[in-house]
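Working notes for the structure below.
None of the values given here were measured: they were computed from a predicted structure.
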Amino acid sequence: MPTVKAPGKLYIAGEYAVVEPGQPAILIAVDQFVYATISQAKKGLVSSKQLLGQDISWTRKNDQLQTAQATSKFAYVLKAIELTERYAKEQNCQLSTFKLQLDSDLDSPDGKKYGLGSSAAVTVATVKALAAYYKLALTPLEIFKLAASAHYLVQKNGSLGDIAASSFGGWIAYHSFDRSWLLQALKDHSLTELLKLTWPKLQIEPLKAPPRLRLLIGWTGSPASTSNLVNEVALSKEERQRKYDYFLEQSMLCVSQMIAAFKQQDLEMIMQQLARDRELLRSLETFSQVTIETPKLHQLITLAQKFGGQAKTSGAGGGDCGIAILAKERPLNELLSAWRQAGITPLSFNIYSTLDRS
Ligand code: PMV
Ligand code: MG
């Protein structure tokens, strides 16, 4: 019974701008996972430890899954199954009946959600499980392409940077692809062709952090809805086109310089650009009137700066996590206890990299 896993993610820089095709962002994969176990079965079943009693049983008709129950909670999983099976069939695999069991570190039983991208990780885990089941040797880029297609067909917004981080692991530089192109390409091409095609504007590149870089994650205790925040920013975009364009241009410049700083292993430049990106997000917040840096996230940032680091919101903000970068030679404990006193929980997650997993 193969079990596969897909990591959660955090944004480091480039948020909101990366929703526009071609814009860059930097992300990490964290060692918190969605697990998927798959095995052949007489009756088709999809279940999740986090959704006890809400299992979905299925049968297959003309190669399509037919489900008896309401499926909205498993929408990403079912779309990922559908696309990966379609691809498997194109590869001449004989489709068969299986049960797929999901389990997640990303939605803890006490309801804590850190904003690590559970829908992205569940989509990637499902693609990986089906690939293992049908013995498809998929590269990280192919996993990304299938999972990004499934996720976008369900959610219909977002940059898919979270899917890239979950598919590749480690630190990555991600340039988002043209999603209107994808919708058309899904109609015009087989999945086999789609996986071979170069996707317009897509770039995913692994990065290496300088050895002196220490990444800290602070959780503010309040969950936020990324999808709502992204839609709110999009609404305000038309009225404020000029400011929005300037934001995009500056974010592109800032994140590109940060990517270059990673390549030069220049920690000071990375930190400088992190601070710059935070200012850009604050300007976006002002002209779009969407709250990104909540009072708690503001405190998280100010305290990190007080102890010699740089910090910013991570992802859509509005709650969830903030991240800080601090040189390893700097004392750590003062900052961690200052965060704790302010009601910010340091999360001791590590970067999950498939490359150095031995
Ligand atoms: O809140 P998160 O960690 O899911 O990140 C959202 C990042 C945005 O750029 C705001 C949206 C996106 O899809 O890239
Ligand atoms: Mg979030």
Side-chain angles (χ1 to χ4, degrees), residues 4-16 18-19 25-36 46 48 50-51 72-84 100 102-108 112-131 138 140-177 179 182 199 202 204 206 217 223-231 314-318 320-321 323 349 351-354:
V4 299
K5 60 182 181 179
K9 64 84 189 64
L10 281 170
Y11 272 89
I12 303 299
E15 295 92 339
Y16 288 100
V18 69
V19 173
I26 297 177
L27 299 100
I28 54 165
V30 295
D31 61 350
Q32 300 289 299
F33 302 95
V34 168
Y35 303 88
V46 178
S48 160
Q50 282 64 43
L51 296 169
S72 60
K73 288 197 174 142
F74 288 98
Y76 294 102
V77 175
L78 292 169
K79 193 52 92 178
I81 293 175
E82 180 191 322
L83 293 193
T84 315
L100 177 70
L102 298 154
D103 191 8
S104 171
D105 296 332
L106 307 183
D107 311 277
S108 66
K112 277 184 193 162
K113 240 188 139 177
Y114 300 120
L116 299 175
S118 53
S119 66
V122 89
T123 309
V124 172
T126 304
V127 169
K128 281 183 164 180
L130 273 279
L138 298 179
L141 183 60
E142 290 169 336
I143 293 168
F144 168 81
K145 286 178 171 176
L146 282 174
S149 302
H151 200 278
Y152 191 66
L153 286 172
V154 174
Q155 186 170 298
K156 302 201 168 65
N157 79 6
S159 67
L160 289 318
D162 44 7
I163 299 276
S166 189
S167 305
F168 279 73
W171 290 79
I172 59 162
Y174 173 74
H175 290 69
S176 66
F177 60 93
R179 273 134 285 152
L182 176 65
W199 289 21
L202 173 66
I204 307 172
I217 306 163
S225 161
T226 294
S227 212
N228 292 348
L229 288 161
V230 170
N231 286 338
S314 170
D320 288 341
C321 294
I323 50 118
F349 302 154
I351 312 267
Y352 173 71
S353 166
T354 43

Note to self: How close do Asp162 and Tyr11 get, counting heavy atoms only, and between which atoms?
What the structure shows: N-OH, 3.9 Å
Next item on the list: Look at the side chain of Gln32 and the backbone N and O of Leu116, then say whether any donor-acceptor pair between them is shorter than 3.5 Å.
Entry: no
Notebook entry, point to check: Got a donor-acceptor contact below 3.5 angstrom from the Ser104 side chain to the Val34 backbone?
Noted result: no
Note to self: Do Val46 and Ile81 have side chains that approach each other closer than 4.5 Å (heavy atoms only, starting at C-beta)?
What the structure shows: yes
Note to self: How long is the straight-line distance from CG of Leu202 back to OG of Ser176, given to the nearest 0.5 Å?
What the structure shows: 8.5 Å
Margin query: Any non-hydrogen side-chain atom of Leu153 less than 4.5 Å from a side-chain atom of Leu83?
Written below: yes
Notebook entry, point to check: Which atoms form the tightest heavy-atom contact between Ile204 and Ala164, and what is the distance?
Noted result: CD1-CB, 4.0 Å
Notebook entry, point to check: Quick one: are Asn157 and Asn231 in side-chain contact, heavy atoms under 4.5 Å?
Noted result: yes
Check: Between Ala224 and Gly318, which heavy-atom pair has the shortest distance, and what is it?
Finding: CB-O, 3.5 Å
Next item on the list: Report yes or no: does Asp31 contribute a side-chain atom to a donor-acceptor pair with the main-chain N or O of Phe349 at less than 3.5 Å?
Entry: no
Item checked: Smallest separation among heavy atoms of Ile172 and Ala165, with atom names -> CD1-N, 3.6 Å
Margin query: Would you say that Val122 contacts Leu106 through its side chain, given a criterion of any heavy-atom pair below 4.5 Å between the two side chains?
Written below: no
Margin query: Less than 6.0 angstrom separating the ring centers of Phe168 and Tyr174, yes or no?
Written below: no
Margin query: Please report the interatomic distance OG(Ser118) to OH(Tyr76), rounded to the nearest 0.5 Å.
Written below: 9.0 Å
Next item on the list: Evaluate the side-chain proximity of Tyr16 to Leu229: yes if any heavy-atom separation is below 4.5 Å, no if none is.
Entry: yes
Note to self: Looking at Gly8, is its backbone amide N or carbonyl O close enough to the side chain of Ser166 to form a donor-acceptor pair, meaning the two atoms are under 3.5 Å apart?
What the structure shows: no
Check: Shortest non-hydrogen contact from Leu10 to Cys321?
Finding: CD2-CB, 4.2 Å
Check: Distance from Leu102 atom CG to Leu51 atom CG, nearest 0.5 Å?
Finding: 9.0 Å
Item checked: Shortest non-hydrogen contact from Phe177 toward Leu160 -> CZ-CD2, 3.9 Å
Margin query: Using side-chain heavy atoms (C-beta onward) and a distance below 4.5 Å, is Thr84 in contact with Thr126?
Written below: no
Next item on the list: Determine yes or no for a side-chain-to-main-chain donor-acceptor pair under 3.5 angstrom, with Arg179 supplying the side chain and Gly158 the backbone.
Entry: yes
Throw together a table of side-chain donor-acceptor distances under 3.5 angstrom for residues 143-151, partners on residues two or more places apart or in other chains.
unit_1 : atom_1 : unit_2 : atom_2 : d
Lys145 : NZ     : Leu195 : O      : 3.2
Lys145 : NZ     : Leu197 : O      : 2.6
Ser149 : OG     : Lys145 : O      : 2.7
His151 : NE2    : Ser119 : OG     : 2.9

Notebook entry, point to check: Got a second to check how far Lys9's NZ is from Ser314's OG, nearest 0.5 Å?
Noted result: 7.0 Å
Checklist line | Interatomic distance, Tyr152 atom OH to Thr123 atom OG1 [nearest 0.5 angstrom] | finding: 15.0 Å
Checklist line | Which residues share a side chain to side chain contact (heavy atoms under 4.5 Å, CB included) with Ala129, sequence neighbours left out | finding: Val4, Ala36, Ile38, Leu100
